[in-house]
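Letters A, B, ... are given to chains in the order of the sequence lines, protein chains preceding strands, and every chain is numbered from 1.
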Protein chains: 2
Amino acid sequence: MAGRAAVPEVIWSRPERTGRGPRPAYTRADIAAAAVRIADAEGLDAVTMRRVAAELGCGTMSLYNYVPRKEDLYELMMDAASGEHELWEPSGDWRADLIRVAHQTRALMHRHTWLPRLMSPVYGFSPNALRYLEHCLACLDPFEAPYGTKMELIAMVNGVVTTYVGNEIATVERTRSLPWSQEQENAVRIAYLGRQVASGAYPRLAASFAEDAGPIDLEGVFERALARVLDGFA
Amino acid sequence: MAGRAAVPEVIWSRPERTGRGPRPAYTRADIAAAAVRIADAEGLDAVTMRRVAAELGCGTMSLYNYVPRKEDLYELMMDAASGEHELWEPSGDWRADLIRVAHQTRALMHRHTWLPRLMSPVYGFSPNALRYLEHCLACLDPFEAPYGTKMELIAMVNGVVTTYVGNEIATVERTRSLPWSQEQENAVRIAYLGRQVASGAYPRLAASFAEDAGPIDLEGVFERALARVLDGFA
DNA sequence: AGCGCACTACGTACGCTGTACGTAACTAGG
DNA sequence: CCTAGTTACGTACAGCGTACGTAGTGCGCT
């Protein structure tokens, strides 16, 4: 009887090492790093139990000693990513600090493009996630409001950043493993969209397309969205 | 040579029926309805090609005549859901209209809890999605701004609604197919979180927990988030 | 009218996934 | 020292998306 748990477990609540038995060959950090390396290089879908085990150099099922379910592997990845947040001494200007946080998160997501897809409140309890949250709260010390409001503000900023960067990435990333290029896909979609719009059924949409346009400034869109969210709280 | 496409295709750009050959047994609407029925009743993960085919009463591979890839099945589902949006004559008060849109979207997502998970700009080109977008633009006719700004506003509102309702649902939905209950899972997580917070490493987080709390008013959180976003644009 | 071809239908099969289970080796605590 | 709890990992299974081949069907063209 190997005693596999029939009760929910947060991976962080079980000790990494109990003392009994042979010394484990890898640490959680090793495993997280391997998974992150794969996801960065080959996309999130390449992160399989077999692939991660191979990357570590052990048998597939050995991984299950460290990580009871695949979801927990994701949790390790998210924690490792959270750990990359640089934390600083708050400046006293909470608005500026929060903008800095958002930009850092955006950069982090561009470095690890699988992050938006995994982002979920479920992973908000890992050690590094808590540290990050505490840091956000520290930045908000000068913001006079109950903690409930501060939490709502942080959630809103994180949500908007995730949504926007997720969209930035999705349109680029989607065709990674497909047999055609990004440009081909876009061309087909735009051609179709043009046909629909030209049908006259969507006059305002047509007007919107006619309006200049020019290349979309992703950075600008992000910046404006962020500013509006912060304005909404002031 | 069955001529399977080696070039990207939006499913909407190929005709539902060409005229040649036997009359297809099902319409796209039939297929979408079957998939939606399954997803509503058993969750999105139960929507497999085999399961949908069985629901329709045909062989698995027959489905591929209608839907070249599983992703296109999702696209049909999203379009069917978009079609449930009720469209009305804009009132002239764009803020009120947008709030009404947001509430309707929220209700839609609570009716089809798989919606937030599938929400992606990729599915923004379906007929019903375009109709919905046109309606949002119509609501914004009284809002004096270039179309680019209107689009950013709509994207922001949709993004916030998706994020918030997604979170509302995720915490409830996650344990659907797990061997333990929602309450058990929450208890374990909260116990763990309490232990972490009590360690003293996260003073502000601890203060936040201490601060009254009371049961969280999800409706209120949603309402406030929405109001703040709209304020940010005014 | 009738030929031919594009289309529908669908069974079989392949490679991949997460992971349950059993076994052998190992080591710290009583 | 013994033994119970670990680690390590090979094998196996159910389920996934879907490539491919074949048989049957009926529209469009000659």
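Rounded to an integer number of Å, the gap from CZ of B/Arg23 to P of D/dG28 is 11 Å. Distance, B/Asp72 CG to D/dG17 P: 13 Å, rounded to whole Å. Atom-to-atom, OH of B/Tyr26 to C1' of C/dC10 comes out at 11 Å; the value is rounded to the nearest Å. Note: CG (A/Asp45) to P (C/dT17) measures 10 Å, nearest angstrom. Rounded to whole angstrom, the span from the CG atom of A/Leu73 across to the C1' atom of C/dG18 amounts to 12 Å. Between A/Glu16 atom CD and D/dT6 atom C1' there is a gap of 15 Å when expressed in whole angstrom units. When rounded to the nearest whole Å, the span between CG of B/Asn65 and P of D/dT25 equals 15 Å. C/dT8 atom C1' lies 12 Å from atom CD1 of B/Ile31, rounded to whole Å.
For the pair B/Arg17 and B/Pro24, the minimum side-chain heavy-atom distance is below 4.5 Å.
Within the 4.0 Å cut-off from OP1 or OP2 of C/dA9, not a single side-chain nitrogen or oxygen of B/Ser62 is found.
Candidate nucleotides C/dC10, D/dT7, C/dT19 were compared by shortest atom distance to the side chain of B/Met61, and C/dC10 ranks first. For B/Ala25, the listed nucleotide lying nearest its side chain is C/dA9; candidates were C/dA9, C/dT19, C/dT12.
Taking only distance into account, the side chain of A/Arg50 meets the base of C/dG18 through a donor-acceptor pair shorter than 3.5 Å.
Along DNA chain D, the nucleotide nearest B/Arg20 and the nucleotide nearest B/Thr48 are compared for position; the residue whose nucleotide lies closer to the 5' end is B/Thr48. Nucleotides of DNA chain C nearest to B/Gly59 and B/Thr18 differ in position, and the one nearer the 5' end is that of B/Thr18. When each of B/Thr60 and A/Gly21 is assigned the nucleotide of DNA chain D with its nearest heavy atom, A/Gly21 is the one assigned upstream, toward the 5' end.
Within 4.0 Å of A/Ala53, counting heavy atoms only, lies no atom of the nucleic acid at all. Among the heavy atoms of the strands lying under 4.0 Å from B/Tyr66 are primed sugar atoms or P, OP1, OP2 only; no base atom is included.
Side-chain atoms of A/His112 and A/Asp40 form a donor-acceptor pair, as typed in the model, at a separation below 3.5 Å.
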Could you go step by step and tell me if B/Ser126 and B/Asp79 meet the side chain to side chain donor-acceptor pair (under 3.5 Å) rule?
CA-CA 6 Å; B/Ser126 81; B/Asp79 185 61; 2.6 Å; yes
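For the side chain to side chain donor-acceptor pair (under 3.5 Å) condition, the pairs that include at least one residue of residues 195-206 of chain B, sequence neighbours left out, are A/Glu134-B/Arg204, A/Asp141-B/Arg204.
Remark: B/Arg106 is positioned above the aromatic ring of B/Phe222, its terminal NZ or CZ atom under 6.0 angstrom from the ring centre and at most 45 degrees off the axis.
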